[in-house]
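Naming convention: chains lettered A, B, ... in sequence-line order (proteins, then strands); numbering from 1 in each chain.
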Amino acid sequence: MISVEHLTKCYDTFPAVDDLSFEIGEGHVYGFLGPNGAGKSTTMNIMTGCLSATSGRVLIDGLDIFERPKEAKRRIGYLPEQPPLYMSETPAEYLRFVGEAKGLRGAALEHQIDSVIEQAKIWDVRNRRISSLSKGYRQRVGIAQALLGNPRAIILDEPTVGLDPIQIIEIRDLIRELGRTHTVIFSSHILSEVQTICDQILMISRGKLVAFDEPGNLEKQLLTSSELILTTEMDGDELSGLLAGIEFISAAETEKSGGGRITARVRTDHSDIYEVSRAVFCAFAAKGVPLLELTLKKASLEDVFLELADDSAEAGAGVPPDGPTESESEVDEHDRDLEA
Amino acid sequence: MTAIWKHELRTYFHSLTAYVFGAFLLLAVGLGALRYNLRAAVSNFEFALSYFSVILAVIVPILTMRVIAEERRQKTDQLLYSLPVTTAQVVAGKYLALLTVYLVPLALVCLYPLIFSRYGEVYLPTSYGSILAFFIMGAALIALGVFISSLTDSQGFAAGIGVAVILFNYYSVSLSEYVSSTAFGSLAAICVLILALGALIRHLTKNENLSLGACAALLALTGAAYYFEPTKFEGLLPRIMSELSLFERFYVFVNGVFDLTGIVYYLTVIVFFLFLSVQSLEKRRYN
């Protein structure tokens, strides 16, 4: 429903967003991931018509956000990084203004205000001044504002930044709930957050898209270069000799960890990490030496991200995005429920 | 637009701004009425209006200082950009709200001539003509204030610059007697004005080439005009200064002439500054 086509935004000569293209489908939660300064906010500002693009275009349901801004903006709700709240007003007054500005009137307006207050769970504070609300509640008022007018897509820019852990969990739950009825796009620089809430992850680095996939697939992508950590009671040279004799192992570093124990970090190129751990176990068993620790270190999204960001910096070109397919998304929905 | 208008009105009437503005305006007009109509027993209400009209130089910037600057500071302008309303609608809604706040005390002032007419002979057409002119002049000053507020994110700065600009405009006629009326003096002043205009263009568009080009073209034109017809430049600067004075045009109404060119002049000023305000807001989207 949202397509971003060859978007470029330059501040003077510095490209904050560089030839970015992707397609957002209906009804998923999309995580927009990247380190600070990667161009997340800039992209979101352009997608919502708050900022102009140097070149390229953004289509919301086929409507260009710059050529037909009124119709396009009705289809999206936006919460910028700093919630745009009028501090001297109450949430009820504020939401009434935003609703009216979005063209709602009369009974429809009343109904919408009540329903977003309900959804964002700000019923208790609706008649208190926004300036006296906590950061978490302010964020909720901001989300309620984005929900007004029942837009099909909701874009949230770093909605959990600056909140305490409980508030973060609450906002995440809220986003998850919204994902059932709306397309949600939210940005974050925290991987674990994106990993738990999103069906799809867009990774962006230096203004370029470096990956666009499900969280699981992204992990799989780099699982091949995984690590094993093992601890045993052996002589260093003896251990090196033993490890050298095992298939699949490409590199090993050993390190004394005190008490006569030694820890080795073993790298492998084999695609199935369990195959490698089996070989290691059998080799030690044959020697009659007990393995005190055997840890499989799978690549986390963090590693994937760092690797992809590095790649893009070196190569200067992004990994081509893999568009999501319908069947994948159903599996993902299931995964997400399990995690939740 | 009505949503913005209602929202702004609520802000003004929830805060002190509207009341302070109204109180000072009524005080100024009241002092004038006291001096001319009650003490001196003059039946012309228009003198009461013009007596203390310089008060507008202080209360208009106080009214307009927050209108756009505060949105920027609180980052609520992001909301306005993301709403399905155009920048022109935002500026129009805000401007109409300011005019409404201005109209409330003026509506009370409209009663004065009627009250006075019960106790003596008051020529109502000039009284109400002057009130209308006073309203439109204030509207022009408010448009100027909106533009100044759109240039910055600091309310204090917007107010300070606003007071300075309006005061300069108020005194420009008396100042014009002191400035050089020689041809060369006018040329120098016009060159300075062109450079200031260039700086404003550069601030608004962030485009060096455009501002330099505009400056160079205007300077060349002025230079050529000076070279061929230096006599035209004699006394030009004082003339420009008194022509630009918004208050001077108001005194024409006070003297009993309903001057349509004055009305057109005020409307032009309003449209000009509102247009610039829209551009200034749009600029934020394009930088």
Residue B/Glu70 versus chain A: region with a heavy atom under 4.5 Å:
neither
Going by atom types alone, do B/His7 and A/Glu89 pair a side-chain donor with an acceptor below 3.5 Å?
yes
Testing the basics here: between A/Met87 and B/Gln74, what is the closest heavy-atom pair and its distance to 0.1 Å?
N-OE1, 3.7 Å
Is it the side chain or the backbone of B/Thr11 that comes within 4.5 Å of chain A heavy atoms, both, or neither?
side chain
Are there over 12 heavy-atom neighbours, none belonging to B/Phe157, within less than 6.0 Å of that residue's CZ?
no
Does CG belonging to B/Leu16 count more than 12 external heavy atoms closer than 6.0 Å?
no
Which bit of A/Glu71 comes within less than 4.5 Å of chain B, counting heavy atoms only: side chain, backbone, both or neither?
neither
Inspect the surroundings of CZ in B/Phe135 and state if more than 12 heavy atoms from other residues, nucleotides or ligands are less than 6.0 Å away.
yes
Check the surroundings of atom NZ in A/Lys121: do more than 12 heavy atoms from other residues, nucleotides or ligands lie under 6.0 Å from it?
yes
A/Glu26, CD atom: more than 12 neighbouring heavy atoms under 6.0 Å
yes
Heavy-atom count check: over 12 atoms from other residues, nucleotides or ligands less than 6.0 Å from A/Phe66 CZ?
yes
Salt bridge (Lys or Arg N to Asp or Glu O under 4.0 Å) involving A/Glu93 - partner list, sequence neighbours excluded
none
Distance check, rounded to the nearest 0.5 Å: B/Tyr81 atom OH versus A/Leu51 atom CG?
9.5 Å
At what distance, to the nearest 0.5 angstrom, does CG of A/Asn45 lie from CD of B/Gln78?
4.5 Å
Residue B/Lys6 versus chain A: region with a heavy atom under 4.5 Å:
side chain
Residue by residue, scan residues 132-146 of chain A and write down, ordered by number, those that have a heavy-atom distance under 4.5 Å to chain B; if none do, write 'none'.
A/Gln145
Pick from A/Gly103, A/Pro80, A/Pro83 with the largest number of heavy-atom pairs that fall under 4.5 Å of chain B:
A/Pro80
Where do B/Leu83 and A/Lys73 come nearest, in terms of heavy atoms and distance?
O-CD, 3.3 Å
Interatomic spacing from CZ in B/Arg10 to OH in A/Tyr86 - rounded to 0.5 Å:
10.5 Å
A/Arg105, part contacting chain B, at a heavy-atom distance under 4.5 Å:
side chain
A/Leu85, part contacting chain B, at a heavy-atom distance under 4.5 Å
backbone
Who passes side-chain hydrogen bond (donor to acceptor under 3.5 Å, both in side chains) against B/Thr87, sequence neighbours left out?
B/Glu282, B/Arg285
Which one wins on heavy-atom pair count under 4.5 Å against chain A: B/Val85, B/Leu80, B/Leu79?
B/Leu79
Write out all pairs satisfying side chain to side chain donor-acceptor pair (under 3.5 Å) with one or both partners inside residues 263-272 of chain B, taking only residues at least two apart or from two chains.
none
